[in-house]
Amino acid sequence: QLQLQESGPGLVKPSETLSLTCTVSGGSVSGYSFYWGWIRQSPATGLEWIGSIPYSGTTYYSPSLKRRVTISLDTSKNHFSLQLTSVTAADTAIYYCARGPKVAPGAFDHWGQGLLVTV
Amino acid sequence: QSALTQPPSASGSPGQSVSISCTGTSSDVGGYDLVSWYQQHPGKAPKLIIYDVNKRPSGVPDRFSGSKSANTASLTVSGLQVEDEADYFCCSFAGNNNLFGGGTKLTVL
């Protein structure tokens, strides 16, 4: 059974870089059928798609965040990562990693449990 | 691009049907048949219940159905059950983005 697990610091200082990792078990990040994505949720902004990366390595980012976001894939460790630079209090949120089928953009069928990050 | 518009709340009694709307624009909901719906219980991650407007992932009861007309998508929950009480979010592909709705809290009276 596919499982995703977010990890990283729960507290980040303003202006610093938020770095999170999503470890995938019960499946592989290699393969051309899926996107691996990051979504965040806060009371202020609700659910917000941050970006996605398929096995090919091409990245897709939210236009509102693209200047600050980097998503990468490490097939040797079967995980993918998020970096968000120059964080402010507005970046405080629960960060989820998720998998989505490439044939259905926006449809994330497996999610991690979420990680609260406070700035 | 703004978030999609959903009513903040909806309610129904057990056994009844309730529909939740999700309004966007021709650049998102109206432009693609790529609307998905998520159910979220308190403290849990969202769960995909509808994708591609009206398709259900394996294991999702057929009480949940989706549709779309022009720039508005809808989720209908038929035969309401107590466990359906949750927050529901829509999401639409928008070319270079994936937009979420603000969420609708469904109360089963």
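Per chain, numbering begins at 1; letters A, B, ... match sequence-line order.
Using modelled atom types, one side-chain atom of A/Glu6 and one backbone atom of A/Cys97 make a donor-acceptor pair closer than 3.5 Å. Looking only at distances, no side-chain donor or acceptor of B/Arg63 sits under 3.5 Å from a matching main-chain atom of B/Val77.
Side-chain atoms of A/Ser19 and A/Thr17 include no donor-acceptor pair closer than 3.5 Å.
Interface residue A/Glu48: only backbone heavy atoms are found under 4.5 Å from chain B. For A/Ile94, no part sits under 4.5 Å from any heavy atom of chain B, backbone or side chain. Residue B/Tyr38 touches chain A through its side chain alone, counting heavy-atom pairs closer than 4.5 Å.
B/Asp62 has no carboxylate O lying under 4.0 Å from a charged side-chain N of B/Arg56, or vice versa, which leaves the two without a salt bridge.
Classified by interplanar angle (parallel below 30°, tilted 30° to 60°, perpendicular above 60°), the ring pair A/Phe80/A/Trp36 is tilted.
When the heavy atoms of residues 41-52 of chain B are compared with those of chain A, the residues falling under 4.5 Å are B/Lys44, B/Ala45, B/Pro46, B/Leu48, B/Tyr51, B/Asp52, listed by number.
More than 12 non-hydrogen atoms from other residues, nucleotides or ligands lie less than 6.0 angstrom from NZ of B/Lys105.
In terms of hydrophobic clustering, with Ile, Leu, Val, Met, Phe, Trp and Tyr side chains grouped at heavy-atom distances under 4.5 Å, A/Leu73 and A/Leu18 are assigned to a common cluster.
With chain B as the partner, the residue from A/Gly46, A/Ser62, A/Ala107 showing the most heavy-atom pairs under 4.5 Å is A/Ala107. No other option in A/Ser64, A/Ala98, A/Gly106 has as many heavy-atom pairs under 4.5 Å with chain B as A/Gly106. Chain B forms more heavy-atom pairs under 4.5 Å with one residue of A/Pro105, A/Pro101, A/Ala104, A/Gly51 than with any other, namely A/Pro105.
A centroid separation of less than 6.0 Å is found between the aromatic rings of A/Tyr35 and A/Tyr60. A ring-centre distance under 6.0 Å is found for A/Tyr32 and A/Tyr55.
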